[in-house]
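What follows is a single structure, written as structure tokens, with notes after it.
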Amino acid sequence: MKKLEIIIESVERKKVCRILDEVGVKGYSIIDDIQGRGKTGPKYAQDLSNILKSSLIIVVDEDETIQKAIDKLKEVFKYYSGKMFLSDVKVIE
Amino acid sequence: MKKLEIIIESVERKKVCRILDEVGVKGYSIIDDIQGRGKTGPKYAQDLSNILKSSLIIVVDEDETIQKAIDKLKEVFKYYSGKMFLSDVKVIE
Amino acid sequence: MKKLEIIIESVERKKVCRILDEVGVKGYSIIDDIQGRGKTGPKYAQDLSNILKSSLIIVVDEDETIQKAIDKLKEVFKYYSGKMFLSDVKVIE
Amino acid sequence: MEFLSDALSNFSSPMILFFLLGFISTILKSDIEIPEVITKTLAIYFMIAIGLKGGFEISKSGIDTNLYTSIINSLLIGVIVPVVAFLILKFVGKFDSTNSGAIAAHYGSVSVVTFVTAISFLNSKTEPYSGFMVGMMALMESPAIFVSLFLVRIFNSEKIASLKSNTVDLLKESLFNASVVLLFGSLLIGFAVGEKGITAVKPFFIEPFNGVLTLFLLDMGMIAGKRIAEFKAVGLFLFFFAIIMPIISASITIFLSSLFGFSVGDILLFTVLAASASYIAAPAAVRIALPQANPAYYITMSLAITFPFNIIVGIPFYYYLINMFR
Amino acid sequence: MEFLSDALSNFSSPMILFFLLGFISTILKSDIEIPEVITKTLAIYFMIAIGLKGGFEISKSGIDTNLYTSIINSLLIGVIVPVVAFLILKFVGKFDSTNSGAIAAHYGSVSVVTFVTAISFLNSKTEPYSGFMVGMMALMESPAIFVSLFLVRIFNSEKIASLKSNTVDLLKESLFNASVVLLFGSLLIGFAVGEKGITAVKPFFIEPFNGVLTLFLLDMGMIAGKRIAEFKAVGLFLFFFAIIMPIISASITIFLSSLFGFSVGDILLFTVLAASASYIAAPAAVRIALPQANPAYYITMSLAITFPFNIIVGIPFYYYLINMFR
Amino acid sequence: MEFLSDALSNFSSPMILFFLLGFISTILKSDIEIPEVITKTLAIYFMIAIGLKGGFEISKSGIDTNLYTSIINSLLIGVIVPVVAFLILKFVGKFDSTNSGAIAAHYGSVSVVTFVTAISFLNSKTEPYSGFMVGMMALMESPAIFVSLFLVRIFNSEKIASLKSNTVDLLKESLFNASVVLLFGSLLIGFAVGEKGITAVKPFFIEPFNGVLTLFLLDMGMIAGKRIAEFKAVGLFLFFFAIIMPIISASITIFLSSLFGFSVGDILLFTVLAASASYIAAPAAVRIALPQANPAYYITMSLAITFPFNIIVGIPFYYYLINMFR
Ligand SMILES: Nc1ncnc2c1ncn2[C@@H]1O[C@H](COP(=O)(O)O)[C@@H](O)[C@H]1O
Ligand SMILES: Nc1ncnc2c1ncn2[C@@H]1O[C@H](COP(=O)(O)O)[C@@H](O)[C@H]1O
Ligand SMILES: Nc1ncnc2c1ncn2[C@@H]1O[C@H](COP(=O)(O)O)[C@@H](O)[C@H]1O
Ligand code: NA
Ligand code: NA
Ligand code: NA
């Protein structure tokens, strides 16, 4: 199986989850309050606006479903900062 | 070495850590307040009860120790929702 | 590409990020409030001092850059508890 | 007539109005968010506040025979309500024993916030009540959970092999659960510190109480509103159960308590304890003891249907019934 | 003369002094940290507090024609300010339409905390103001954002293909944003609950208000101070825009409002609403509707330059201008 | 006799009783949890509150020679205590220099919460004290840490090659640490704002103070109780050191301070500053400067043994000693 780790600005987290629901992935796990740095600069959540932080969404599923999700998610990454990492994983339970 | 990522309902987190201590793994790291969706439905922690959220426990150790841990942990997953993902990892320090 | 997962005591998180900035990695993501257990004992953040918890820093970059980062980070691990895990990952976006 | 005017005056209480605002804001998909850590801390604040006040009032008025009859009444209710709930769910609703027991545990236990709202209601009507009622609430937190587990066991001994070990887990974790320790502890401390001690903490724990409750109920309105989506999963029977069971519990309790001859204020508090369903302590206990039960049922019912029903309609309605019945 | 003494007496206000302390502490690299969840909860506290108070005062004084002229004034300002800001940014600053619109949205919207600080200022001068001004603030939260999006569209229809769908996203998320619902809701509730209701919640929402604001401004000082590092990214033009635009908005508003004949207190509040820039609600709305705009610009300007300017210099200065102008 | 009655009356203080309740609740494995963000925010609240009050009182009473002798006394104590602690740990306890220095740094520094509890104790006895004592506390926060690092260096120059760079790190991070900036800042602000400013923030920072302290001590009781498991790791010598060192520090301080001729209230506060061990600021500083030291030692000792000892037994005992000594 494949593990897709999506790091996306928190303002778009709901949209990403909606896309994952539409694609019909087996499930996903969300970690909020991610800080960090990327090519668009540092994100350290040091203000009240909620827009300078990211969320990490972990999706584990079959290769084809993951690929479908990636194709639909590329749209979000056109305007919002973040990253997608793909790795191999074995599901035990 | 192997990396075992355990996503389990937060109410069972202490039991999982206890099992890992009994098995004698080298160590583990815990991330709480995981939200998400799985086959038992969405978990978005939107209430006071503490039961609609998960914890992520990362355990890195030798293959055999990890396997021992997996065998003991299967008991917990009989009644509680969550997932176990296994991947390869190299330990630097 | 390689994914380097650094678990380090939270008091040294700023120094680790500074080292990563000096090395010039493409970016990194930070998850704070990691609890856990390692060879130096349990870390459960059950006090006001901020020193009994860890941060997880995820860095994805080319092999050489990651190796440079690892070499510079080893200094931090001389005195502070934590771990570094290296794995393969494919960058989508 | 008075019930209508009481129910309507509920709508001039900032507490109830902010609850409604929170609820409505979720329908408008507005994104007000009170962080979970605040909700948890406010819950602790309430338990300390009412425990201190109750204990102090006991120290002023002294312990009388009413205390003993109240304990008996509490334990009676704490057993009767889950049993009635279980039987209705299993034999009328046709639910399996596990889910019946899980839901019964919630309705047999209590909602601290509903109790606190009832206290606020009684204060606004200058209707007196006994300080020890807080202790009765602490007493009624846990028994229903064990009664329900027992019912699950006797109706289903072969299917749930894990019930015994899960119950042991629960006992280890829950005999001294947070609410019970905090309520009883604050009661004892309120009893012990006297006038000087209460005066020292009054500006924090007593005077801002209604304001804090208002903020908390705004939060609860939003939390309840977010669960409306789950109503479909709950189904029609459980939806009505979540409204009718409180009325059944209330009726049983008003009858029983009137036999004992308690004051109107105390009977209202007993009634609210019986009619309310826990959504803080019971879910965690039930998730440990009855993991095969569906959390969507008991959390949605107690939090999104019974709790709003009780604080908007229930409290004034029970008050009216009690005055009628006397 | 009076302006100087007002500005100087600002420096004997604990609110302003703690803001400065927070700011200075970041320069000293001190590690005071007020958790984000507290900041968010305090913001909610303020909106409830001023809404309740405002609504209650309307219920006492009644609704008069001033309300209708105020609404017209608010909507006028809510359109004129973002248009002026946009034009200055695009044609004087030579910024692209997207960034011009993003920043204009912030300056056309309002800062609740600046408004609250102005209320505190007026109270300290025992200068009266109308209860409905809170409603005017709620009114001025959103229009500027849509006005700015419209300006971006008409000046740039081909380049931003996504604008229409992003705006639809925004409408779905933002028409009933948290601040608007909370402010209007608290206003209505304050109007409805009367004396009895307000008295119940006064010890929490009214009396500690200034103290809570002090703690919040310490926090804001630290948040603003941490963004000083971004000043380089903002650049010279935008730095001065962040100070001069409030003065331009203030002048336009004082002129317009004086035409309408409002009281001094109300004109100050209109002026502060116009001169302040949102840093809670607008950034999220703009990030959804105009993702190509650079957040470093609008967040740093509104939070780290305009907000400090307004509460330290602006408020006393506008008050002086208003009294001069009359 | 009076000590016994003072110690016993400690047990009718809601502050101490809730501390004990928190402690006991961990023994009962009860799961009350006050979120960490609340604990941190309450700590900030205290520092602002006592700084403001202290500064205001200095503005009323004026600055006198006592201030200068107090500064000398503070610096003396801030050097003597860590030196004595270090020598006992190294030469009696046979601990290495690093751990001796790490622990000495904690005992030479101060516990703001213990100080605040002592203030509450003095208020309850209507025993006056000087406003500037808050400034003395701020003064005594950091010196002991650098004194201890110096001691580690001179007793161990070859083994710890990293000490110099770690100390530089520490200086960069800690010269203006949160507590020092907040305390001195609030002192200055309290001095500057006068009667009007203090009245504005009194309902938040002054009146609810004891109630907030009660909630905080409940939290501290739970935090201390959870560390009982670590007592084994601490060992017998350090366990007794954690109780006896405060008494030694207290004795030295009472003697020194009486020579200077300060008031009873001020001597008690000096004594509490000397006898208390930091568990908020010092652990972070020590972790950066002396990472080879074992955190289980210094955190458990200062938080789970010395702090409870000081607030339950220590404060009334020192008060008794001071009155005896005069
Ligand atoms: N190479 C990377 N490794 C890990 N996280 C990254 C990396 N690049 C970006 N991120 C994360 O993605 C966020 C946005 O990155 P960017 O779109 O490059 O500005 C950052 O704030 C990080 O949290
Ligand atoms: N395929 C998946 N990928 C990532 N996380 C998952 C997946 N399935 C389940 N989870 C996580 O495990 C929790 C429980 O899942 P389940 O037991 O399937 O209901 C979910 O709330 C998610 O946090
Ligand atoms: N084998 C492991 N797997 C996952 N996390 C670990 C492991 N060992 C240590 N850690 C993490 O690193 C922290 C410090 O470990 P140590 O340096 O071994 O005391 C622990 O508190 C854990 O959060
Ligand atoms: Na009940
Ligand atoms: Na504006
Ligand atoms: Na000390």
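Only this structure's heavy atoms are used, side chains among them; waters, hydrogens and symmetry mates stay out. Proteins get letters first, then strands, A, B, ... in listed order; numbering begins at 1 in each.
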- prompt: Would you call Glu5(B)-Lys83(B) a salt bridge at under 4.0 Å N-O?
  reply: no

field: Interchain contact, Ile31(B) with chain A, by part (heavy-atom threshold 4.5 Å)
entry: side chain

- prompt: Side chain, backbone, both or neither: which part of Leu56(B) has a heavy atom under 4.5 Å from chain A?
  reply: side chain

- request: Salt-bridge test for Asp88(A) and Lys2(A): reply yes if a basic N is under 4.0 Å from a carboxylate O, no otherwise.
  value: yes

Largest heavy-atom contact set with chain B, pairs under 4.5 Å, which of Asp32(A), Ile30(A), Val91(A): Ile30(A)

- prompt: Using non-hydrogen atoms only, which part of Asp21(A) is less than 4.5 Å away from chain B: side chain, backbone, both, or neither?
  reply: both

query: Short question: side chain of Asp61(A), backbone of Ile66(A) - any donor-acceptor pair under 3.5 Å?
result: no

- prompt: What closest approach, in Å, do Phe77(A) and Gly82(A) show between heavy atoms, and which atom pair accounts for it?
  reply: CE2-C, 3.3 Å

